[in-house]
Every structure is written in C-alpha cells, then in structure tokens.
Amino acid sequence: MNCYKSSIAALSALLAASTATAANEHDFMHHLYDYIENTAVFELGQEEGHAYYIPKHHKLLNGQWKFLFANTPEGIPTDFFSPQFKDGKWSKIDVPSNWEMRGFGDPFFRNVSAPFKANPPFVPKEYNPTGAYRTTFTIPSEWSGEEVFLRFEKVASASFVWVNGQEVGYNEGAQEPAEYDITPYLKPGQNSLSVLVIKYSDGYYLEGQDYWRLAGIFDDVYVYSAPKTRLFDWYVTTDLDAEYRDAELKIEATAKQYGNATLPSGLSLKAQLLDAAGKQVADMQGNGLTITQKIADPKKWTADTPDTYQLLMQLCDASGKVIDEARQTVGFKETEIKDNVFLLNGKPIKVNAQCSHMQHPVLGHAMDMETVRKDMEILKQFGFNAVRTSHYPPVNEYLDLADEYGLYIIDETGDEAHATEWVSNMPEFIPMYQERVRQMVLRDRNHPCVLFWSAGNESGEGPDIAEVVKEGRKYDPTRYWMYGGNAAKNAAEDIIGPRYPTPLEHEVQYGLDTNEKRPSFMDEYLSVAGNGGGGFDDFWREIDAHPNLMGGAVWDF
C-alpha cells in the first residue's frame, strides 16, 4: 500500500557523517531539498496504514521536549540528532503543540493564497520555519521480545525521525499518521528520539486549507509494542438484509510477521460481540482471518440512536493459543443511494451539518477533548446532526466521540491546493493524493459515525481528484464519495456538492433537475461570519421538499 518507499540508506549515511564544517553543511542541505522538493518521496520507513488501535503495552511520549527553532533548515546544527549532542541551552516546548502558539515563528491566516510565491514543488529558501525536537524514553522490561513502534498522529508538515542517532524515516502530510518500526534502533536503558520538522515542503501544496497555518508536532506521540506475529489490520462491515432488520457482520483481518520469520500457517481469528451493557451477543470463530456471522436484529446506529457494540478480536496460532488481540467499536448501519435518494438503514435522511476545523484560540490545532465534547454538545443542542471535517481527517478521539454522541461525519481527505489548483492536473502529485486518502480510509473506515467520504476541498478539478476517489473505494466499497471542489459538480462524485447557491438557484438547478441522477449535498452553503446566517429557513424549506436534496454544511464552526 505504501508507494514510492525508496531506500533511506543514502540520506542516513549522509546525516550520520555530517559535521559542522561548511562543506558538509552544504551537502546536508542539498540532500534535504532532494526530499522536501521531491514529489516522488513523501514517506520512508513507515508501516502501512491500518485501523487505529493502541494496545496495552504503550507509553505516551507527550510532555516537554527540548526544542530549537530556526527560520530555515540551515539554522539547525547538522548533528543535532546525535545522542551526544549538547542541548542544555535549547528551549523547551510542549508536545503536542504548534510552535507558533508557544512563541516561535509567526502565526498567520490564509484562505486562498500561499504564504510564499507558489511554484510547485519548490519551497522558499529564505524563510522556511524549522523546528528540531529532542527527548528520551525507556522501554519497559515486559516488552522484551516484542516489536516496538513509534507513532506520530499529526506533524506539520515534513518530518525526519532519528532514534539513537540512526535515521528511522521521513513523512509528509500534516494530518495523516506516521508509524515506524523502531525495534532495530533500540538499546537497553535510555533511548534518544530526535525529530526535524520543516513547515514548507512539496506536500504543503496540498495543505492550503482556509485556516491558521501552523506547524509542529501537534497531536499524540506513542511508543507501543506488539507480538512478532501481529493482528495488524481489520475491516468490519455490517450488511443489513432486505428488511433492514438482521445483519451480516463481516470481519476481514490481516496479520503481519516481524523479524526474519515468515507468517505462520494455521492462524485464525476469534471474536466476541458485546452490547452496551457488556452482554455477549455473539461468539464467533473465523475461517482463517475472516469471520462472517449473522446477527439477529441488532440495534441500528443513527445520529438519533447512536447504539454501539464492542468487538473483541483475538488472533490465534495453529494450536488455538491467543497471540494478539484488539478491540473495535461497531455500529450496525448501511448507506445506499436509490432513485437519486440517499438512504440510511433503508430510510431517507437529511444531513444538517457544520464544517468544523480542529482549531483552538489558545492551543492552535492541538485539540483537547474537553473542547471537542463541548463542541459536540453545542451542535446536538442546536439541532445539527453532522460535521464535515473540513478539510482533513480529525483527531482519532473526535471520531470516537461522534460514535458516542451520534453525529454523522463527512470525513474529508487532507488535500486542498487552493492556491495552486493546477497541481490536480499534474500526474507527479497523484501518489501523494492517493497516500492521503488511503491513510484516512484505512484509519477511519470502521467508525459507524462516518456517513460518507470527501475527496478533499478546493484542490482543483483535474484528473488527480478522480484518482483520490478510485483509491479510496479500494479500501471501503460500502460508502459513497463527494468532493468539496471549486465546481458545482465533479464527474467522480457519487454525491454532488454545489456550494453557496442562493436558495432559488439551489432548488431550480438541483432539486428540480431531472437530468441529474445523483443526490445533492451542499458541502458549504452559508458562510456564517458575523451576522451572515440568513436564509436557513428558505434553504431547509426546499431541502425538505425534494427527496434528492440531502442538506448541507454551514461554514464554519
């Protein structure tokens, strides 16, 4: 699944050999730009995307790290990642946080324009804010014999990672997780972790969202361990019968083997389904790593009835011994489009949504769960039933709480090239577009709250957008796609997304147009800035009158 995973040996050797001499500094920076201005390299040394699950053996590395800020990458010592490097005079910074919210660099807001002269894939040389991070950690003795992973949930924008002075990998993509197998780099006792974060890379051209442009390690950082034979990924689907009463629960799991051994034969999957009270609903045994089980009349998940179940999964060896396990929240639901109408569990629904950024006046993009809960409670109190996660996948906990509270999520791929829409016509950007949607779908597809997917926002109308939808469908064929594009319609969409029509235009062009065979969802339809909320009654009068009009999302919350 991970495209363009070229070897990191050349960069590792270069960085390990670099010193403070001018010649070596020049060589280091030359190679650096080969990465941050190279569309073919956007991740190196990473695990493939998979369902989000942090096992019992884990440590949260959040806290105060040593930090050095520079206006360009050249301002960072070239050997800062060495375990022997003296960082006593460095500042300290909270992880997670955006460095602009901690007094480093300049926070600024952009809607359309880039913060520098846009020339993809090149980045500015005179000002490219850069942060060097250092911390240490130890591995508990009970993790002995297991594989150890380092996981960053969100880092803006490009990042290099070292453990004990050895380069582990590279990532671009501010809103997607990056996970590394660090087992070969560990040593007994204290281990050093160093991260170089660069604000502007070629990946930044797909991060032109309409909000504050901030950088840094701004979400959770974990180390965790898993068995050498690991339950790596799982895809849970719920197919309702013709009466929308009973369901076929299907679990398709993937195992992965680490070390020099091959994946053992005879692996099998067991699972238990528990209701909200903890009562067992089903005890299931798989044929290999797939389980299909009929569940009689389960409670159906909707925004009004957010009933969920817990799925306990166990990976067993050929003798039946449990070697790994995981847990997944499950909601029984099914979406369909019939006769131009969007259905949930066989019934037409209207989606009254808000566009919502992960943004806080003090914390920046590092969201706390108290704020998320408050947001969701406000939305529920005022009659909204959905959120379009503009314009990137949210933090993991946001989806957990949406499952719990009952909010439909339109989960949006982290691509917006608003200042350079023409990159959607550039084939060299296709793998980068694909990786962002792949990471989102693999992480989020098991959440019942995800009602349908979005292929991004205002990223142009070129053929790359169709590749986003095509790639996403590979990993979740059960849900539909819209695109928050600049045009009213895109050929790749299952659900068209007109934005900011007048109520009359909306009704005439979309509610009464018998030639359009797709339902319509206004991905943005009112910009509520100051006193700009007029027209709600007119819009919803026509939305309620036409079955093919699904609703819309207000900009923004």
Side-chain angles (χ1 to χ4, degrees), residues 236-247 249 273-277 279 281 295-311 328-338 341-356 369 372-389 394 397-411 444-454 478-480 482 495 519-523 525 536-537 539-554 557:
V236 181
T237 55
T238 57
D239 184 19
L240 303 185
D241 63 15
E243 286 73 40
Y244 304 97
R245 181 182 181 276
D246 300 334
L249 175 67
L273 186 69
L274 310 178
D275 66 15
K279 179 182 177 181
V281 176
I295 307 296
D297 196 19
K299 293 182 177 180
K300 312 306 185 295
W301 192 96
T302 73
D304 295 323
T305 59
D307 295 302
T308 59
Y309 296 76
Q310 288 298 307
L311 185 66
Q328 178 67 54
T329 298
V330 173
F332 287 86
K333 81 178 207 305
E334 181 176 308
T335 55
E336 301 167 284
I337 295 176
K338 289 185 176 181
V341 178
F342 185 90
L343 308 177
L344 175 64
N345 303 336
K347 299 178 180 178
I349 64 166
K350 300 297 185 182
V351 182
N352 185 11
Q354 285 272 0
C355 296
S356 183
M369 289 310 100
V372 174
R373 283 190 178 274
K374 183 178 179 181
D375 284 357
M376 290 189 175
E377 289 168 3
I378 291 171
L379 290 171
K380 295 288 286 189
Q381 288 169 3
F382 282 87
F384 292 96
N385 65 1
V387 169
R388 175 191 175 211
T389 64
E397 296 86 352
Y398 197 93
L399 297 174
D400 293 336
L401 292 176
D403 290 339
E404 173 190 332
Y405 277 83
L407 277 173
Y408 301 124
I409 297 296
I410 297 98
D411 206 353
D444 298 348
R445 61 185 178 177
N446 294 316
H447 281 277
C449 64
V450 177
L451 188 66
F452 54 94
W453 304 104
S454 168
T478 70
R479 292 182 178 92
Y480 297 100
M482 61 153 260
I495 300 166
S520 170
F521 174 79
M522 293 181 289
D523 48 73
Y525 74 107
F536 270 107
D537 52 349
F539 274 113
W540 278 91
R541 191 178 300 114
E542 67 187 50
I543 290 169
D544 289 334
H546 300 283
N548 63 314
L549 301 183
M550 293 174 59
V554 176
F557 185 69

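Note: hydrogens, waters and symmetry copies are ignored here, and every other heavy atom, side chains too, is used.
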Within-4.5 Å side-chain heavy-atom neighbours: [X] and [Y]:
X    : Y    : answer
Y309 : D275 : yes
M482 : M550 : no
L451 : I349 : yes
F521 : F452 : yes
S356 : Y398 : yes

Between [atom1] on residue [X] and [atom2] on residue [Y], distance to nearest 0.5 Å:
X    : Y    : atom1 : atom2 : answer
D375 : Q354 : CG    : CD    : 10.0 Å
I409 : L401 : CD1   : CG    : 10.0 Å
E404 : T329 : CD    : OG1   : 9.5 Å
I495 : W453 : CD1   : CH2   : 13.0 Å
D411 : L399 : CG    : CG    : 5.5 Å
F557 : L379 : CZ    : CG    : 4.5 Å

If you count every heavy atom of other residues, nucleotides or ligands that lies below 6.0 Å from K350 atom NZ, does the total exceed 12?
yes
Review point. More than 12 non-hydrogen atoms from neighbouring residues, nucleotides or ligands closer than 6.0 Å to NZ on K374, yes or no?
Key: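 No - once you tally the heavy atoms of other residues, nucleotides and ligands closer than 6.0 Å, there are 12 at most.
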Non-hydrogen atoms of [X] and [Y] that approach each other most closely:
X    : Y    : value
P448 : V330 : CG-C, 4.4 Å
I337 : Y480 : N-OH, 3.0 Å
V387 : A353 : N-CB, 4.2 Å
I410 : S454 : CG2-CB, 4.2 Å
C355 : D523 : SG-O, 3.4 Å

Using modelled atom types and a 3.5 Å cut-off, is there a donor and acceptor pairing between side-chain atoms of [X] and backbone atoms of [Y]?
X    : Y    : answer
Y408 : V351 : no
W301 : D403 : yes
R479 : R445 : yes
D246 : D241 : no
N352 : N385 : no

message: Restricting to salt bridge (charged side-chain N to carboxylate O under 4.0 Å, His left out), what partner residues turn up for K338, sequence neighbours left out?
response: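 Once residues adjacent in sequence are excluded, the partners of K338 under the salt bridge (charged side-chain N to carboxylate O under 4.0 Å, His left out) criterion are E336.
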For this session: Can you sort out the partners of N345 under side chain to side chain contact (heavy atoms under 4.5 Å, CB included), two or more places apart, ordered by chain and number?
Result: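 Residues passing side chain to side chain contact (heavy atoms under 4.5 Å, CB included) with N345: L240, K300, T302, K333, E334.
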